[in-house]
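Sharing a structure with you now.
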2 protein chains.
Amino acid sequence: MAFSSKTEYGLVALIELAAIYSSGAVLQVAEIASRQSIPDRYLEQMLTSLRRGGILRSIRGPKGGYQLVRPPADVLVSEVVSCLEGDAASRDAAERSTPEFQVLHGLAGQLERARLDLLEGTTLQQLLERRDALLQAQAMYFI
Amino acid sequence: MAFSSKTEYGLVALIELAAIYSSGAVLQVAEIASRQSIPDRYLEQMLTSLRRGGILRSIRGPKGGYQLVRPPADVLVSEVVSCLEGDAASRDAAERSTPEFQVLHGLAGQLERARLDLLEGTTLQQLLERRDALLQAQAMYFI
DNA sequence: GGAGTTCCCGATGGATGTAGTCGGGAATAC
DNA sequence: GTATTCCCGACTACATCCATCGGGAACTCC
């Protein structure tokens, strides 16, 4: 798959949080985790990274939980991804410098560029809309 | 980096082999490995995969070595990549099927599509030309 | 102010994959 | 027949991924 499970879990949680953003409500780790069938103590780590990355805010204690800091339309998927998989810090540029390696390094750059273009061109809002379209389609199916 | 070292080493070797393809000559593992400063016994494994994938042919014994089966213009980078990193066979479709996961699966598909488009749109011939352009540019620099 | 709830933080462990090493065998040229 | 080259598979060291866990800090509500 194109996403690590860290990234996938984090994004899934964010879509859920995007859906309730306008209401000002919060969601708890355990809620999201059980709905999505992912380990709650693991999901917690992702939400922590997202909080440190300025994407989420948290509230402690009973009735606590997480919510988006910014509206979903202002959160780029690229931010989220780099926040979640960037914790293992180093992108090494090992630089073997024969011309053949340089050419491949250029191609690798094109690939990363293409990936980034897509991720920068997608917001949480859009993911949410796609989810809702999917739900609509499923509702149709049952009529 | 966007390529594993397996893939990178394999492609580097293929660029060298593409450069001498029209002469009908062969190159030996040890030659390529020492020029590119990569472990020869390791490179050997990649060339074996490429032979099994129908991209290279080999000749044994003294004066032996490897050569491309097809002209460089007929070898897509996508073939090479799937041959080199596809040996660990399974692309798993673990399919957690909440709508949120489905949306992400769709996005992952877009990403893979974009990657494949680039790799299918690039041939060994093109990589060779880029290398030669780079060599030209460096030659200029020394005048 | 005490109890329960929720987030917070770091340590730990197993499974898997990556990058390489190695020993010995088979074909070929000279 | 000997040296050279490719051929084949096993093995290891290390890192990274995917969690699991124990205990602490803030907060609500009674």
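Order of the sequence lines sets the chain letters (A, B, ...), proteins ahead of strands, with each chain counted from 1.
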Which nucleotide, C/dC8, D/dT20, C/dG20, lies nearest any side-chain atom of A/Pro39? D/dT20
Would you list the atom pairs, donor with acceptor, under 3.5 Å between side chains in residues 131-138 of chain A and any protein atom, with sequence neighbours excluded?
unit_1   : atom_1 : unit_2   : atom_2 : d
A/Arg131 : NH1    : B/Glu100 : OE2    : 2.8

Considering only NZ, NE, NH1 and NH2 on the basic side and carboxylate oxygens on the acidic side, decide whether A/Glu112 and A/Arg115 come within less than 4.0 Å. no
Between protein and nucleotides 23-30 of chain D, map the contacts as a letter string: B base, S sugar-phosphate only, - none, heavy atoms under 4.0 Å, written 5' to 3'. BBBBBS--
With the side chain of A/Ser58 defined as its heavy atoms from C-beta on, choose the nearest nucleotide among D/dC6, C/dA19, C/dC7. C/dC7
For residues 10-25 of chain B, the side-chain hydrogen bond (donor to acceptor under 3.5 Å, both in side chains) pairs (sequence neighbours left out) are B/Glu16-B/Arg35, B/Glu16-B/Gln36
Salt bridge (charged side-chain N to carboxylate O under 4.0 Å, His left out) pairs touching residues 71-83 of chain A, sequence neighbours excluded, are A/Arg70-A/Glu79
Of the nucleotides C/dT21, D/dC6, D/dA19, which has the atom closest to the B/Gln28 side chain? D/dC6
Rounded to the nearest Å, what distance is computed from the CG atom of residue B/Asp40 to the P atom of nucleotide C/dT21? 8 Å
Would you say a side-chain N or O of B/Tyr42 is under 4.0 Å from OP1 or OP2 of D/dT12? no
In whole Å, I'd like the distance from the CD atom of A/Glu31 to the C1' atom of C/dC7. 14 Å
Strictly below 4.0 Å: does A/Tyr9 bring a side-chain N or O up to OP1 or OP2 of D/dA19? yes
If you check the A/Arg51 side chain, which of D/dT20, C/dA19, C/dC9 turns out closest? C/dC9
Considering only heavy atoms and no angle criterion, is a donor-acceptor pair shorter than 3.5 Å present between the side chain of B/Glu44 and the base of C/dT21? no
Ignoring hydrogens and geometry beyond distance, is the side chain of A/Glu85 in donor-acceptor contact with the base of D/dT16 at under 3.5 Å? no
Give the other cluster members for B/Val26, using side-chain heavy-atom distances under 4.5 Å between Ile, Leu, Val, Met, Phe, Trp and Tyr residues; answer none if it is isolated. B/Ile59
Residue-phosphate contact under 4.0 Å: B/Ser5 side-chain N/O, C/dG20 OP1/OP2: yes
For A/Arg52, which contact category applies under a 4.0 Å heavy-atom criterion: base, sugar-phosphate, or nothing? sugar-phosphate
Does the side chain of A/Cys83 come within less than 4.5 Å of A/Leu50's, by heavy atoms? yes
Return the set of residues passing side-chain contact (heavy atoms from CB on, under 4.5 Å) with A/Ser58 (not counting sequence neighbours), or none when no residue passes. A/Arg51, A/Tyr66
